[in-house]
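Per chain, numbering begins at 1; letters A, B, ... match sequence-line order.
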There are 2 protein chains.
Amino acid sequence: MRKPKIVVLGAGYGGLITVTRLQKQLGVDEAEITLVNKNDYHYETTWLHEASAGTLHHDRARYQIKDIIGNTPVNFIKDTVISINKETKKVVLKRSELTYDYLVISLGAHPETFGIKGLKEYAFGITSIDSARHLREHIEYQFAIYNTETQKKAERLTIVVGGAGFTGIEFLGELGNRVPELCKEYDIDFKNVRLICVEAAPTALPGFDPELVNYAVNYLQNKGVEFKIGTAIKECIIDGIIVTKDNQTETIKAGTVVWAAGVRGHSVVEEAGFENMRGRVKVDRFLRAPGHEDVYVIGDCSLVINEEINRPFPPTAQIAMQQGEVCANNVAVAIQKRGRMMTFKPEIKGSVASLGESDAVGVVYGKKLVGSRASFMKKVIDNRALYMIGGPSLVLKKGKFKFL
Amino acid sequence: MRKPKIVVLGAGYGGLITVTRLQKQLGVDEAEITLVNKNDYHYETTWLHEASAGTLHHDRARYQIKDIIGNTPVNFIKDTVISINKETKKVVLKRSELTYDYLVISLGAHPETFGIKGLKEYAFGITSIDSARHLREHIEYQFAIYNTETQKKAERLTIVVGGAGFTGIEFLGELGNRVPELCKEYDIDFKNVRLICVEAAPTALPGFDPELVNYAVNYLQNKGVEFKIGTAIKECIIDGIIVTKDNQTETIKAGTVVWAAGVRGHSVVEEAGFENMRGRVKVDRFLRAPGHEDVYVIGDCSLVINEEINRPFPPTAQIAMQQGEVCANNVAVAIQKRGRMMTFKPEIKGSVASLGESDAVGVVYGKKLVGSRASFMKKVIDNRALYMIGGPSLVLKKGKFKFL
């Protein structure tokens, strides 16, 4: 009897949880599991703001996939997904093709640039290990050049962050620690540095409690961050950005522009013809693509509505991991034809945004936290993600233990 | 009675030795000593190849001038020398003017580009702390970008060093250690990296014993360096160099071009109208500029003929420091009108070129050395320069103790 083929696309939070749980739930003879990922490592997407600022080495934020899936046989293919044909049940990779009986799409997100001109060309993203190293080095390079020029270019020391959401705020928090180090390294007066946060929405950290927002904004302002709230980026140009507020247009020269204002689902999802909103598939309660019982979509490519406010849950690692557990169960049930399919319902334990090494704001189990207690909880959350995927040994290897 | 004014321009090896020795030889009432330097720190010019490659932090290669001259009163002025008027005995600085009775010119060198087109615009030099940080970060930035580009640009990983003299060879030696680290940091296969040394002369390390040259070239080839000897750089362009050999022209694409093929005296010396050859003044036996008994010129701005071969001694830290001692004595004798002027005669103790952290080639007291013994001697020489200027405490603070 031919073993059913499960293909999991992407080894992010959702994909890795799915694979590790499938390994537990299915016997070796019950299915053939294939995991496809662009790199041979998994990275902690939620830690990339640190690697990008240069406050955490990128090797601390990634680990080898084979170290996680090594125990029971899973085919691992390091390749890039080009397209999915849901009719013929084929996945085209850059160097080969796969057929599947069950497909799990956990490909993650792409930056959402909302069609703003120049962002793709000139702005940095916080999206991968490669992009993190690139951004870290780009910023450092600007500082390194500054004093070599007779005619000093102030914009070399200007960093614009587009978006005061989770990623933008966390990245600025790290810059608050990193920039003084860079100033020392390159003999630069901090007063020549500008850190600017531009946010189109009427508030920073939309969705957060106003008290927490206030704390975060004050904290970052004390670290030297200028906030331009209710200000839209109209265009990103080679040496800065053009913003508008109240019909006033302003050009801000900046050597570094970082776009951190949102994500959309992976383009492969759109191109495959699944019903989607900005690359995200509104999955059924079992996490399947509508009309495709053999295709599960989890993580940033999936869309789950928060019925309390009738808006989608923001894509988070927390949700992706919870989906991975449900997805693995449901695929196993479908194959084994016993047990019960699980309905996915996010259990939001909390949300903490770090403000650098030693401060944070957030809500954990309904309780508002700021300062060192919030920062402590943030590290607990970070370590929990490691624990969920790789158990205690991964926590020991990559965990964050510099508690206050 | 008005105290004679001694003005020392430049706090390199020669200038700092002059000032520290003058402090010892002259009483506080005998003269007013002013030291002018562009930065408030001294840097070890002979260590800049390490800071430029990123194998030694630049802070290890510099120290505060006030820590050296702090004991007896010396006016220290942090400023840039614009011009010298030897008739009115004035020195124009960027922000002020000075008059002198005795002038010591120890301004160091500028790169000699021999009029090769594009070098000033596109090539890096190994000339200062600023340039070292810039070059270090430039190379790292190329590695950081490489994997972010879908269409890989091989030239990002190509480093061309123009000149196989002392600096070029020592810099390549450091790259031999540094590049494998960069490959690891940025997930790059070393085989994609090219390190190319272009030298117009018919040999690397001209002036060195052929046996030592051979050792050095073999050692660096084993570390991946390609040598193009007898090959002239015709032009440096924005993305590489154009070279000629035997009337054949070749364009080599390179993300980094470093020009390390020689120096000339500081431009202020030429502009002041002293008789000079490429910015270097052929001083009299007391180290004075011809026709100017009140002007001493030492270090890279001075020219001393090696009578054995009837060619100038190459400018080195060793000679600059020996000149500083003689210069200080002679200025003191001129002021005190007692004692004897000293004649300068270089005493060449040896010359060792490092090939990275743990290897080197050279001659010490007439004895040829290679390998770890040469590397040991190189560190002894480096520490001796610290000892000469700042005594044992400076050696303890900045010395190189990682002996094999």
Side-chain angles (χ1 to χ4, degrees), chain A residues 38-41 43 48 51-54 56-64 78 80 82 94 111 120-150 152-153 156 181-189 255-256 267, chain B residues 38-41 43 48 51-54 56-64 78 80 82 94 111 120-150 152-153 156 181-189 255-256 267:
Chain A
K38 197 176 164 183
N39 308 300
D40 52 13
Y41 55 82
Y43 55 81
L48 288 178
S52 301
L56 181 86
H57 192 271
H58 57 262
D59 280 340
R60 292 288 312 278
R62 65 172 170 177
Y63 45 81
Q64 291 297 311
K78 182 187 160 186
T80 303
I82 303 295
K94 211 169 171 182
K120 273 186 188 145
E121 291 80 3
Y122 304 125
F124 288 84
I126 297 178
T127 57
S128 67
I129 293 290
D130 283 338
S131 83
R133 291 187 288 215
H134 188 188
L135 176 50
R136 175 191 78 190
E137 291 304 314
H138 177 82
I139 292 171
E140 182 150 7
Y141 193 46
Q142 302 305 310
F143 277 70
I145 296 173
Y146 183 75
N147 271 331
T148 67
E149 291 170 324
T150 321
K152 300 274 181 284
K153 290 188 182 141
R156 292 211 185 274
E181 287 175 7
L182 287 172
C183 286
K184 187 154 177 275
E185 178 76 4
Y186 296 102
D187 301 328
I188 287 168
D189 193 330
T256 308
S267 55
Chain B
K38 197 176 163 185
N39 308 300
D40 51 14
Y41 54 83
Y43 56 82
L48 288 178
S52 300
L56 181 87
H57 193 269
H58 56 262
D59 280 339
R60 291 290 310 280
R62 65 172 170 176
Y63 46 80
Q64 291 296 310
K78 183 188 160 187
T80 303
I82 302 297
K94 211 168 169 183
K120 275 188 187 143
E121 292 79 3
Y122 304 124
F124 287 83
I126 297 179
T127 57
S128 66
I129 293 290
D130 283 338
S131 83
R133 291 188 289 217
H134 188 190
L135 176 50
R136 175 191 78 190
E137 291 305 314
H138 177 81
I139 292 171
E140 182 150 6
Y141 193 45
Q142 302 306 309
F143 277 71
I145 295 172
Y146 183 76
N147 271 331
T148 66
E149 290 169 325
T150 321
K152 302 274 181 283
K153 290 187 183 143
R156 293 210 184 275
E181 287 176 6
L182 287 172
C183 286
K184 188 154 178 274
E185 177 78 6
Y186 296 103
D187 301 329
I188 287 168
D189 192 330
T256 308
S267 55

Visitor: At what distance, to the nearest 0.5 angstrom, does CG of A:Asn147 lie from OG of B:Ser128?
Guide: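 If we round to the nearest 0.5 Å, A:Asn147:CG and B:Ser128:OG are 9.5 Å apart.
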Visitor: Please name all residues satisfying ring-ring contact (aromatic ring centres under 6.0 Å, His included) with B:Tyr63, sequence neighbours left out, ordered by chain then number.
Guide: B:His42
Visitor: Can you spot which of A:His134, A:Glu137, A:Arg133 makes a side-chain hydrogen bond (donor to acceptor under 3.5 Å, both in side chains) with B:Tyr186?
Guide: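 Exactly one option meets the side-chain hydrogen bond (donor to acceptor under 3.5 Å, both in side chains) with B:Tyr186, and it is A:Glu137.
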Visitor: Does NZ belonging to A:Lys120 count more than 12 external heavy atoms closer than 6.0 Å?
Guide: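 Check fails, neighbour count at 12 or below.
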Visitor: About how many Å separate CG of B:Asp130 and OH of A:Tyr146, when rounded to the nearest 0.5 Å?
Guide: 11.5 Å
Visitor: Between B:Phe143 and chain A, with a heavy-atom cut-off of 4.5 Å, which part of the residue counts as in contact: side chain, backbone, both or neither?
Guide: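 For B:Phe143, neither part sits under 4.5 Å from chain A.
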Visitor: In terms of heavy-atom proximity below 4.5 Å to chain A, should B:Asn39 be classed as side chain, backbone, both, or neither?
Guide: neither
Visitor: Measure the spacing between OG1 of B:Thr148 and NE2 of A:His138 and express it to the nearest 0.5 Å.
Guide: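 Separation between the atoms: 12.0 Å.
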Visitor: When you check the gap from the basic side-chain N to the acidic O, do B:Asp187 and A:Arg62 get nearer than 4.0 Å?
Guide: yes
Visitor: Tell me the salt bridge (charged side-chain N to carboxylate O under 4.0 Å, His left out) pairs involving residues 138-150 of chain A, sequence neighbours left out?
Guide: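 Found A:Glu140-A:Arg178, A:Glu140-B:Arg136, A:Glu149-A:Lys153, A:Glu149-A:Arg156.
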